[in-house]
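Take a look at the structure set out below.
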Amino acid sequence: MKIYTRKGDTGKTGVFGGKREYKDSARIECIGTLDEVNSTIGLLRSKLGNEHEWQANLHRVQKDMMDMMSHLARPSDSKKENPNPKPIDGATFCEEWLDTLEANISSPSDYFILPGGNEISALCHVCRTQMRRGERTLVTLMKEDPACVEEYILAYINRLSDLFFTMARSEMDKTGVAEEKWQLFLYKRKKKKTT
C-alpha cells in the first residue's frame with residue numbers, strides 16, 4: 001500500500017466516520033498540535049535511554065495521546081463509534097506522578113524559572129509549551145463541537161503541562177543544575193510584602 005493517496009491535495013483530510021474537513025479547521029489544528037507534542041515526547045524518550053525510570057510512564061502518555069487524538073477526530077454527529085479506549089484516569093495518573101516527583105525535589109516551586117538548564121530539562125519545557133498550545137487549540141475545538149471534547153481530555157491535557165514543568169525541575173534537581181530564577185510567583189510576592 002502506498003503512503004500517498006492524493007486525497008489531501010485539495011486541502012482537506014479525512015476524519016473519523018468518513019467526513020472530510022479542511023486542514024486548517026479547529027479539529028485538525030488541535031489534533032496536529034497534539035501530534036506535534038507526542039513526537040517531541042518521543043524525542044525526549046530517545047534522549048533518556050531505555051532504562052530511564054520515566055520510560056514506562058511516558059510510553060503510557062504517548063499511547064493515551066493517540067487514543068485522545070482518535071476521539072477528537074470523531075465529530076460528535078458521526079454515526080460511527082470509536083472503539084479506541086478512553087484514558088479517563090489520565091488526570092489522576094498525572095497527579096500521582098506529579099506528587100512523586102515533587103516529593104523528591106529538594107526545593108519548592110516558588111519562582112518563575114527560565115526554561116533550559118540541560119538538554120532533558122529543556123526538552124521537558126518544549127513538551128510543556130507545546131502541550132499548553134495543544135490545550136488552547138482544544139478549547140477552540142470545544143467551542144465548535146462541545147460534545148466531541150470530553151472533560152477527561154481537557155483535564156488530562158491540562159495536567160500534562162504541569163507534569164512536564166515538574167519533570168524539568170526534577171531533572172535539574174537530580175543533576176545538580178541550578179535553576180535560573182526570574183521572579184517569585186505573584187502570590188508569594190504579595191505574602192512577602194505583608195510579612
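Only this structure's heavy atoms are used, side chains among them; waters, hydrogens and symmetry mates stay out.
- No donor-acceptor pair closer than 3.5 Å links the side chain of Gln130 to the backbone N or O of Thr33.
- Taking a 6.0 Å sphere around CG of Leu114, one finds it holds more than 12 heavy atoms contributed by other residues, nucleotides or ligands.
- Summarising the local packing, NZ of Lys47 is surrounded by 12 or fewer heavy atoms from other residues, nucleotides or ligands at distances under 6.0 Å.
- Residues Met172 and Glu179 come closest through the heavy atom pair CE-CA, 3.7 Å.
- In this structure, the side chains of Ile105 and Thr166 come closer than 4.5 Å at one or more pairs of heavy atoms.
- Annotation: side chain of Met69 is in contact with side chain of Asn38 (closest heavy-atom distance under 4.5 Å).
- Each of Met131 and Val126 belongs to its own hydrophobic cluster when Ile, Leu, Val, Met, Phe, Trp and Tyr are linked at side-chain heavy-atom distances under 4.5 angstrom.
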Please report the C-alpha distance between Ile113 and Arg169 in whole Å, then the side-chain angles of each, then the deciding distance to 0.1 Å, and finally whether the side-chain contact (heavy atoms from CB on, under 4.5 Å) criterion is met. CA-CA 9 Å; Ile113 58 172; Arg169 293 198 71 235; 4.0 Å; yes
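- Residues in residues 31-53 take part in these ring-ring contact (aromatic ring centres under 6.0 Å, His included) pairs, two or more places apart or across chains: His52-Trp54.
- Clustering ILVMFWY residues whenever any of their side-chain heavy atoms sit less than 4.5 angstrom apart, transitively, puts Met167 in the very cluster that holds Ile120.
- Side chain to side chain, Arg128 and His125 meet the donor-acceptor criterion of an N or O pair below 3.5 Å.
- Of the possible polar contacts, one joining the Asn118 side chain to the Ser121 backbone as a donor-acceptor pair under 3.5 Å is found.
- Taking every heavy atom of both residues into account, Tyr156 and Cys94 meet most closely at CE2-SG, 3.5 Å.
- Using modelled atom types, one side-chain atom of Arg74 and one backbone atom of Lys80 make a donor-acceptor pair closer than 3.5 Å.
- In this structure, Glu150 and Ala147 approach most closely via the heavy-atom pair CG-O, 4.3 Å.
- No side-chain donor-acceptor contact under 3.5 Å links Arg27 to the backbone of Leu141.
- We find the CD-CG distance between Glu96 and Leu163 to be 12.0 Å, quoted to the nearest 0.5 Å.
- With rounding to the nearest 0.5 angstrom, the OG atom of Ser70 is 10.0 Å from the NZ atom of Lys86.
- When every heavy atom of Leu123 is checked against every heavy atom of Thr40, the shortest pair comes out as CD2-CG2, 4.2 Å.
- A 4.5 Å side-chain heavy-atom check between Met65 and Val37 finds at least one atom pair inside the cut-off.
- A pairwise comparison of heavy atoms in Asp67 and Pro85 identifies CB-O, 3.4 Å as the closest pair.
- Using a 4.5 Å cut-off on side-chain heavy atoms (C-beta onward), Arg136 and Thr140 make no contact.
- A donor-acceptor pair under 3.5 Å links the side-chain atoms of Ser161 to the main chain of Asn158, judged by distance alone.
- Scanning all heavy atoms of the two residues, the minimum distance from Ser170 to Leu101 falls at OG-CD2, 3.7 Å.
- Hydrophobic clustering of Ile, Leu, Val, Met, Phe, Trp and Tyr side chains at less than 4.5 Å, counting indirect connections, unites Leu44 with Leu160.
- Proximity of a side-chain donor or acceptor of Gln55 to a complementary backbone N or O of Arg45 within less than 3.5 Å is detected.
- At most 12 non-hydrogen atoms from other residues, nucleotides or ligands lie less than 6.0 angstrom from CG of Asn50.
- A single hydrophobic cluster is not seen to contain both Leu48 and Val177; linkage of ILVMFWY side chains at heavy-atom distances under 4.5 Å, directly or through other members, places them apart.
- Looking only at side-chain heavy atoms (C-beta outward), Leu98 and Phe165 stay at 4.5 Å or farther from each other.
- Put simply, the side chain of Asp145 never gets that close to the backbone of Pro75: no donor and acceptor are under 3.5 Å apart.
- Between the OG atom of Ser107 and the NZ atom of Lys181 there is a distance of 6.0 Å, given to the nearest 0.5 Å.
- Inter-residue side-chain proximity for Leu72 and Leu34 is flagged as met; some heavy-atom pair is nearer than 4.5 Å.
- For the pair Ser76 (side chain) and Cys148 (backbone), a donor-acceptor distance under 3.5 Å is absent.
- Both Met66 and Ile88 belong to a single network of hydrophobic side chains, linked directly or stepwise wherever heavy atoms of I, L, V, M, F, W or Y lie under 4.5 Å apart.
- Rounded to the nearest 0.5 Å, atoms CD1 (Ile31) and CD (Glu36) are 14.0 Å apart.
- How far NE2 of His71 is from CG of Asn82: 4.0 Å, rounded to the nearest 0.5 Å.
- Salt bridge Glu135/Arg132: present, at least one basic N to carboxylate O contact under 4.0 Å.
- Atom-to-atom distance recorded for Asp64:CG and Ile157:CD1 is 9.5 Å, nearest 0.5 angstrom.
- In this structure, Arg60 and Trp97 have side chains that are not in contact, with every pair of non-hydrogen atoms separated by 4.5 Å or more.
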